[in-house]
2 protein chains.
Amino acid sequence: MTEIDRRTENLTSALRRAGVRITRQRAALLSVLAEAEDHPEAVELQRRAEDVVPGISLSTVYRTLTELEAQGVILRHQFEGTPARFEHSETHHHDHMIDVDTGEVMEFANERIEKLQAEVAEALGYEIVHHRLELYVRKKAGGAE
Amino acid sequence: MTEIDRRTENLTSALRRAGVRITRQRAALLSVLAEAEDHPEAVELQRRAEDVVPGISLSTVYRTLTELEAQGVILRHQFEGTPARFEHSETHHHDHMIDVDTGEVMEFANERIEKLQAEVAEALGYEIVHHRLELYVRKKAGGAE
DNA sequence: CTCAATGCAAACGCTTTGCAGCGAC
DNA sequence: GTCGCTGCAAAGCGTTTGCATTGAG
């Protein structure tokens, strides 16, 4: 069983747990999401799913994504100036760095930043429900291209 | 000259520098923005401006906001689940904490987080153009209400 | 007097929704 | 066979834009 099969299984069981039917459209989307290494937007997911289920509608894509997000198995990111992007939430928590020139999305994790965020909230009597940290960046001149 | 007059002056001169006309609508918006202590959205700014210029249109509000943002004198924030919110950028840099229950927006600044962000980008050969850090929080049980 | 700014209404881009027919269970 | 899901088309929401008119300079 591959890593991707495992992820697909995970997404599928989340839907089953929610008591919904696994249709051809949903099965296609689940595997597309499981094998995505990037951060595709809804239309891109539709495009990829069409290889398996030609004619799948964008409404279905959005409805499924909304359901999966509610189940907590995928994440929806609203970066600046683009439609929402999605990724399965199996991997550990991370934040994002977006190259403003290319649109490329990279991931990073920094334990110390996380800790400081919690301290900031704590100091004011709050606890963090979730956060959003996005670095909009540009390759440095002379940097490795 | 009050602090608010100073801010209004600052916003006005940014527009003048851009070579645009200071109309009644714009003058009203500039002072509304200057005296705002919160993070109002476009319709709210329109509402406040209407006290001075009844009938000011939302298009005008948006057009002026876009211009001021381009001049770098106001900031546009796209928090989750709400229309864009605006604030004059006179004060020093800060990030935001949003109470998910009340919608209240609070500001905070943390030098160490800023520094770590720069380091993360630097380590990968990038420099930060701008960032977005938002903490979606909830008052802790037993915390000062 | 001129040309930029306004208000209106229409278009926009992304996302959600109502509905009649379809298909997973 | 039931009833949840689908595709379609239409609506929603915040924001932008085209255009004829108005008003700042």
Side-chain angles (χ1 to χ4, degrees), chain A residues 11-33 39-47 49-71 74-86 103, chain B residues 11-33 39-50 52-71 74-87 103 105:
Chain A
L11 295 172
T12 307
S13 68
L15 285 192
R16 256 193 254 283
R17 218 178 304 127
V20 304
R21 295 178 182 171
I22 309 301
T23 60
R24 293 179 305 120
Q25 290 84 339
R26 285 183 176 166
L29 275 171
L30 296 172
S31 72
V32 163
L33 279 164
H39 300 73
E41 43 198 69
V43 280
E44 175 59 21
L45 289 167
Q46 179 191 31
R47 209 169 294 137
E50 275 198 311
D51 291 347
V52 186
V53 189
I56 181 174
S57 82
L58 195 50
S59 334
T60 297
V61 174
Y62 272 112
R63 273 188 281 237
T64 302
L65 290 171
T66 300
E67 181 63 40
L68 289 168
E69 188 192 12
Q71 297 305 319
I74 65 167
L75 295 173
R76 181 191 297 243
H77 300 293
Q78 189 54 257
F79 299 136
E80 292 179 2
T82 64
R85 294 168 163 273
F86 301 84
Chain B
L11 296 172
T12 306
S13 67
L15 286 192
R16 255 194 256 281
R17 218 176 304 128
V20 303
R21 295 177 181 172
I22 309 300
T23 60
R24 292 178 306 118
Q25 289 84 338
R26 286 182 174 166
L29 274 170
L30 295 171
S31 72
V32 163
L33 279 164
H39 299 74
E41 43 197 70
V43 280
E44 175 59 23
L45 289 167
Q46 178 192 31
R47 208 167 297 137
R48 296 184 193 178
E50 274 198 310
V52 185
V53 188
I56 181 173
S57 82
L58 195 49
S59 336
T60 297
V61 173
Y62 273 112
R63 274 189 280 240
T64 302
L65 290 171
T66 299
E67 181 63 41
L68 289 169
E69 187 191 12
Q71 298 304 318
I74 66 167
L75 295 172
R76 180 190 299 241
H77 301 293
Q78 190 54 259
F79 299 135
E80 292 178 3
T82 64
R85 296 170 162 273
F86 302 84
E87 66 176 331
V105 176

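Residue numbering restarts at 1 for every chain, and letters A, B, ... go by the order of the sequence lines.
Of the candidate nucleotides C:dG23, D:dT15, D:dG25, D:dG25 has the atom lying nearest to any side-chain atom of B:Arg21. Minimum atom distance to the side chain of B:Ser57 is reached by C:dG7, of the listed C:dG7, D:dG23, C:dG23. Closest approach to the B:Thr60 side chain among C:dG23, C:dT6, C:dA4 is made by C:dT6 (side chain taken as heavy atoms from C-beta onward). Checking D:dT15, C:dC25, C:dT6 against the side-chain heavy atoms of A:Ile22 singles out C:dC25 as nearest.
Base engagement by B:Ser59 is indicated by at least one non-hydrogen atom pair under 4.0 Å involving a base atom. A:Gln25 comes within 4.0 angstrom of sugar-phosphate atoms only, judged by non-hydrogen atoms across all strands, and of no base. Within 4.0 Å of B:Val43, counting heavy atoms only, lies no atom of the nucleic acid at all.
In terms of modelled atom types and a separation under 3.5 Å, the side chain of A:Thr64 and the main chain of A:Thr60 share a donor-acceptor contact. Not a single donor-acceptor pair under 3.5 Å links the side chain of A:Arg85 to the backbone N or O of A:Phe79.
With no hydrogens or angles considered, no side-chain donor-acceptor pair links A:Arg26 and A:Thr12 at under 3.5 Å. Under 3.5 Å, the side chains of A:Gln46 and A:Glu50 contain no donor-acceptor pair of N or O atoms.
Scanning atom types as modelled, no donor and acceptor separated by under 3.5 angstrom connect the side chain of A:Arg26 and the base of D:dG4. In terms of polar N and O atoms assigned as donor or acceptor, the side chain of A:Arg63 never comes within less than 3.5 Å of the base of D:dG4 in a complementary pairing.
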Note to self: Pair B:His77, B:Leu75 - check side chain to side chain contact (heavy atoms under 4.5 Å, CB included), show working.
What the structure shows: CA-CA 6 Å; B:His77 301 293; B:Leu75 295 172; 3.9 Å; yes
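Atom P of nucleotide C:dC14 and atom CZ of A:Arg76 are separated by 14 Å, given to the nearest angstrom. Atom CD in A:Glu50 sits about 10 Å away from atom P in D:dG7, given to the nearest Å. At whole-Å resolution of the value, CD in B:Glu41 and C1' in D:dG14 are 10 Å apart. To the nearest angstrom, P of C:dC8 lies 16 Å from OH of B:Tyr62. Atom CD in A:Gln46 sits about 13 Å away from atom P in C:dC14, given to the nearest Å. Taking atom CG on B:Leu58 and atom P on C:dC8, their separation rounds to 11 Å, with Å as the unit. The nearest whole Å value for the distance from the CG atom in B:Leu45 to the C1' atom in D:dG14 is 14 Å. B:Glu44 has its CD atom 14 Å from the P atom of D:dT15, to the nearest Å.
Between A:Val61 and B:Gln78, it is A:Val61 whose nearest contact on DNA chain D lies nearer the 5' terminus. Comparing B:Arg24 and B:Arg85 by the nucleotide of DNA chain D that holds the closest heavy atom to each, the one mapping nearer the 5' end is B:Arg85.
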